[in-house]
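Here is the structure we will look at.
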Amino acid sequence: MLDYESKIESDMRLLHILSQSFPDSESASTEIINLEAILNLPKGTEHFVADIHGEHEAFLHILRNASGNIKRKVRELYGDTMRGHELREFCTLIYYPEKRLEMMEDSDEPLDDFYSRTLFQLIEVCRSVCSKYTRSKVRKSLPSQFAYIIEEMMHESPIDDDKDAYFRRIIETIIQTGQARNFIVAICNVIQKLSIDQLHILGDIFDRGPGAHIIMDYLLTRDNFDIQWGNHDALWMGAAAGCDPCIATVLRLSLRYCNIATLEEGYGINLLPLATFAMETYTDDPCTRFEPHISEADKRPDKKSLRLIAQMHKAISIIQFKLEAGMRQKHPEWGMQGPGTLEHIDFGRGVYVLDGKEYEMLDTHFPTVSPQDPYRLTKAEEELVRKLHHSFRISEKLQKHVRCLLSHGCMYSVVNGNLLFHASIPLNADGSLKEVMLEGKPYRGRELMHRTGMLMRSAFQSDIPREERQRATDYFWYLWCGPDSPLFDKSRMTTFERYFLSDKSTYKEEKGFYYQLRENPEVCDAILDAFGVKGEYRHIINGHVPVHVAQGENPIKAGGRLMVIDGGFAKAYHDTTGIAGYTLVYHSRGFQLIQHEPFTSTKQAIQNGTDIKSSTQIVELTGHRMRVCDTDKGTQLKEQIAELRELLYAYRHGIIKENKAG
């Protein structure tokens with residue numbers, strides 16, 4: 001008892017603050033009862049995705065169907081009473097309620113019977129989805145205008161004879177007052193929202209696909225997600241901060257994959273100056289090496305547009321190489337003064353000469369490159385860089401999306417026994433954590449990831465000196481392609497070689513030791529220990545490197561300690577991976593890996609009820625059903641309960657006076 005009282009004495013300041021929310025023993029007791037009950041609810045379902053790369057239609061569909069979980073619940077409820085096409089149509093209604101209802105309303109058929117039947121069914125699905133949550137949490141997820149009615153219907157069963165007339169009268173009144181459509185949309189949105197308790201995005205929302213801005217707009221409507229930044233995210237963050245090599249690289253990649261929509265329509269980036277410069281500079285250049293990569297599923301632009309994109313692509317690539325050389329010279333401390341690019345061209349003979357060896361060049365037309373000073377920007381290029389810099393800096397939506405990345409993101413997270421990061425932890429050859437210099441000081445492992453994230457944030461903080469902000473802004477380019485960057489971790493980036501040299505041996509990029517050693521269970525255990533990850537079931541979860549499923553590669557590595565969930569959302573990777581993305585689902589029974597086939601389109605899903613075909617692989621099942629008490633949230637709740645018990649003791653022993661009127 002004396003120990004308990006001494007602890008209360010040391011916690012008096014905290015207890016006085018807590019007493020403002022719980023002013024008497026009754027309110028403190030009630031909260032303890034509530035929190036103890038929450039601890040025994042089933043663990044919420046977490047979804048992990050990585051490397052979305054702008055494929056907004058596939059990504060948003062997976063969120064709408066909760067990686068197939070909603071269809072599974074519908075089958076459990078109505079598999080014996082609904083035919084196949086009815087089940088598909090009902091699920092499509094849940095995924096896309098507004099569009100499906102518009103289609104039905106255009107048919108001129110009476111809808112009252114449909115509304116009545118569907119409302120009953122949707123309430124049942126909603127009740128099933130919400131079964132693992134408290135009423136309070138469900139209530140907060142309900143739209144305010146229908147919250148009371150939905151809650152009444154979910155917690156009253158029409159099977160009860162005493163409530164049947166009451167229940168049916170609610171449905172009839174909803175239809176009679178013309179609110180059936182809005183009510184259905186509201187319930188469907190609640191089902192979608194509560195089917196995923198927490199969404200973890202392990203990096204690379206941006207580049208390649210056409211809808212990164214659409215994905216970010218959607219995320220702004222949610223609050224239950226976190227992001228571990230990927231190299232492509234960092235690239236766009238650097239561009240938004242005003243790092244010119246990052247801006248040039250963002251433009252190059254967008255043009256390489258014919259992704260103009262994100263730039264122009266999504267972020268209002270003015271590409272006219274680049275188009276004008278490219279047409280004037282490369283008028284007589286076929287630019288065949290710079291024709292964009294377009295998948296068979298995408299609409300191909302006309303020849304004139306393709307030619308202009310190729311010209312713009314080449315123009316910005318040359319500018320990128322020049323800007324990168326300037327960055328290497330500006331920051332010798334980064335150790336990136338190895339072989340460059342343009343200075344090794346023998347312009348007279350049209351060959352590339354490196355270490356005494358000559359390489360055939362696939363393109364020798366360089367109208368803006370001076371052999372005497374190859375990295376000097378022409379006056380026209382300088383003016384173009386200035387305009388592009390301005391366009392990125394003033395893009396209100398881009399800055400808004402970057403603020404979202406900053407507020408919901410970080411370099412790594414430890415969540416419920418899982419270490420999440422996008423790409424790599426720099427290692428030495430023996431598997432030990434590698435020291436990396438950052439702002440003149442050595443860091444490794446957890447501290448390296450933390451300090452890197454803090455440096456990235458400082459690029460957007462107006463209250464620090466301009467020189468510090470500029471160094472942080474420059475560092476985004478190192479994160480993109482620096483050898484010891486946790487987001488890259490390769491010997492070098494061979495962009496120039498892949499564009500201009502025929503010898504594929506020059507394309508080689510040596511991967512860091514993390515990629516070479518990550519299948520070793522002991523190495524993974526050492527990393528988990530270094531990050532303080534505890535528990536019987538603990539894992540590293542990564543993206544970044546596509547899993548070659550078609551070639552038999554297994555995404556589960558190191559005896560189950562490592563899960564690599566880059567399955568290739570981007571269409572550009574479908575041939576490489578043989579699939580179209582993964583979702584890792586962590587529910588109360590354990591882990592399941594959902595493997596997705598290519599998504600057709602949102603339009604076909606709405607019109608024909610087509611869904612993403614997915615297959616499920618059980619990765620790991622726990623010996624018991626996990627409850628909230630087994631999670632990080634549970635640990636926090638236990639701490640709150642302990643504090644409330646101290647407060648209750650203090651009230652009952654007169655140490656703190658109760659405020660019955662409070």
Side-chain angles (χ1 to χ4, degrees), residues 54 201-207 212-213 215-220 222-223 225-251 253-254 262-263 266-270 323-324 327 330-331 333-334 385-413 420-423 436 438-441 443 447-482 485-488:
I201 302 176
L202 276 71
D204 281 1
I205 294 170
F206 288 86
D207 284 329
H213 58 293
I215 293 169
M216 292 302 303
D217 277 339
Y218 173 80
L219 291 177
L220 285 169
R222 298 183 65 114
D223 54 12
F225 72 96
D226 53 74
I227 302 168
Q228 290 68 52
W229 301 319
N231 53 319
H232 288 268
D233 305 320
L235 183 68
W236 278 78
M237 292 165 75
C243 177
D244 289 333
C246 289
I247 290 172
T249 306
V250 162
L251 290 166
L253 287 171
S254 297
T262 301
L263 290 167
Y267 294 120
I269 304 299
N270 183 9
L323 293 171
E324 288 178 331
M327 193 66 79
K330 181 180 179 182
H331 292 282
E333 72 275 13
W334 291 347
V385 169
R386 186 190 66 77
K387 290 179 179 178
L388 292 171
H389 179 103
H390 177 72
S391 194
F392 273 83
R393 292 292 287 145
I394 66 167
S395 172
E396 186 176 336
K397 178 173 276 193
L398 178 58
Q399 300 299 329
K400 180 181 180 181
H401 287 174
V402 168
R403 287 195 296 272
C404 177
L405 289 172
L406 291 168
S407 64
H408 286 80
C410 54
M411 283 293 292
Y412 79 98
S413 291
L420 318 180
F421 56 88
H422 175 68
V436 176
L438 189 64
E439 293 288 272
K441 295 181 180 179
Y443 299 102
E447 188 68 7
L448 172 63
M449 299 292 270
H450 172 70
R451 293 291 178 180
T452 299
M454 295 300 289
L455 182 60
M456 294 167 73
R457 293 180 190 281
S458 64
F460 299 93
Q461 294 173 358
S462 58
D463 58 343
I464 65 174
R466 182 188 297 271
E467 185 179 333
E468 290 184 31
R469 284 205 314 274
Q470 188 58 57
R471 285 202 308 271
T473 299
D474 291 349
Y475 199 72
F476 278 101
W477 177 71
Y478 181 87
L479 286 170
W480 168 249
C481 59
S485 162
L487 298 180
F488 182 62

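Because only heavy atoms are used, hydrogens play no part in the values below, and waters and symmetry mates are left out as well, while side chains stay in.
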Side-chain touch Val250/Tyr267, heavy atoms, less than 4.5 angstrom: no
Using side-chain contact (heavy atoms from CB on, under 4.5 Å), reason through Phe421 and Leu487 one step at a time and then give a plain yes or no. CA-CA 9 Å; Phe421 56 88; Leu487 298 180; over 6 Å; no
Is there a donor-acceptor contact under 3.5 Å from the side chain of Ser391 to the main chain of Asn270? yes
Looking at side-chain heavy atoms only, is the closest gap between Met237 and Trp229 below 4.5 Å? yes
Leu455 and Leu438 have their tightest heavy-atom pair at CD2-CD1, 3.7 Å
Evaluate the side-chain proximity of Ser395 to Ile269: yes if any heavy-atom separation is below 4.5 Å, no if none is. yes
How would you list, by chain and number, every residue that makes a side-chain hydrogen bond (donor to acceptor under 3.5 Å, both in side chains) with Gln399, sequence neighbours excluded? none
Test: Lys400 and Glu396 ion pair at under 4.0 Å: no
Let me confirm one number: the CG-CG distance from Leu479 to Asn231, rounded to the nearest 0.5 Å. 9.5 Å
Where do Arg457 and Gly409 come nearest, in terms of heavy atoms and distance? NH2-O, 2.6 Å
The single option from Asp207, Asp244, Leu323, Leu235 passing side chain to side chain contact (heavy atoms under 4.5 Å, CB included) against Thr249: Leu235
Just so I know, are the side chains of Leu253 and Phe206 near enough to count as touching, which here means a heavy-atom distance under 4.5 Å? no
Is any side-chain heavy atom of Ser485 closer than 4.5 Å to a side-chain heavy atom of Trp334? no
Could you go through Phe225 and Cys404, starting from their C-alpha distance and side-chain angles, then the distance that decides it, and tell me whether this counts as side-chain contact (heavy atoms from CB on, under 4.5 Å)? CA-CA 11 Å; Phe225 72 96; Cys404 177; 3.8 Å; yes
Run Ile201 and Ile215 through side-chain contact (heavy atoms from CB on, under 4.5 Å) and show every step you take. CA-CA 11 Å; Ile201 302 176; Ile215 293 169; 5.6 Å; no
Rounded to the nearest 0.5 Å, what separates atom SG in Cys243 from atom CZ in Phe476? 8.5 Å
Qualifying residues under side-chain hydrogen bond (donor to acceptor under 3.5 Å, both in side chains), relative to Tyr412, sequence neighbours excluded: Arg446
For residues Arg393 and Ala240, report the shortest heavy-atom separation together with the two atoms involved. NH1-O, 2.7 Å
Examine the side chains of Asp217 and His401 and answer whether a donor and an acceptor come within less than 3.5 Å of each other. yes
Do the side chains of Arg471 and Glu468 get nearer than 4.5 Å, heavy atoms only? yes
About how many Å separate OG of Ser458 and CG of Asp463, when rounded to the nearest 0.5 Å? 10.0 Å
Leu448 and Met411: side-chain contact (heavy atoms from CB on, under 4.5 Å), yes or no, with the steps? CA-CA 10 Å; Leu448 172 63; Met411 283 293 292; over 6 Å; no
Asp233 side chain to Gly203 backbone, donor-acceptor under 3.5 Å: no
Do side-chain atoms of His408 reach the backbone of Asp226 as a donor and acceptor pair under 3.5 angstrom? no
Would you confirm whether Arg469, through its side chain, and Phe460, through its main-chain N or O, come within 3.5 Å as a donor-acceptor pair? no
What are the two closest non-hydrogen atoms of Met456 and Ala234, and how far apart are they? CE-CB, 4.1 Å
With the side chain counted from C-beta on, respond yes when Glu439 and Met454 share a heavy-atom pair under 4.5 Å apart, and no when they do not. no
Nearest heavy atoms of Pro245 and Glu324, plus distance in Å: CB-CG, 4.3 Å
Distance-minimising heavy-atom pair for Ala423 and Pro486: CB-O, 3.3 Å
So how far is it from His213 NE2 to Ile205 CD1, rounded to the nearest 0.5 Å? 13.5 Å
Between Ile247 and His389, is there a side-chain heavy-atom distance shorter than 4.5 Å? yes
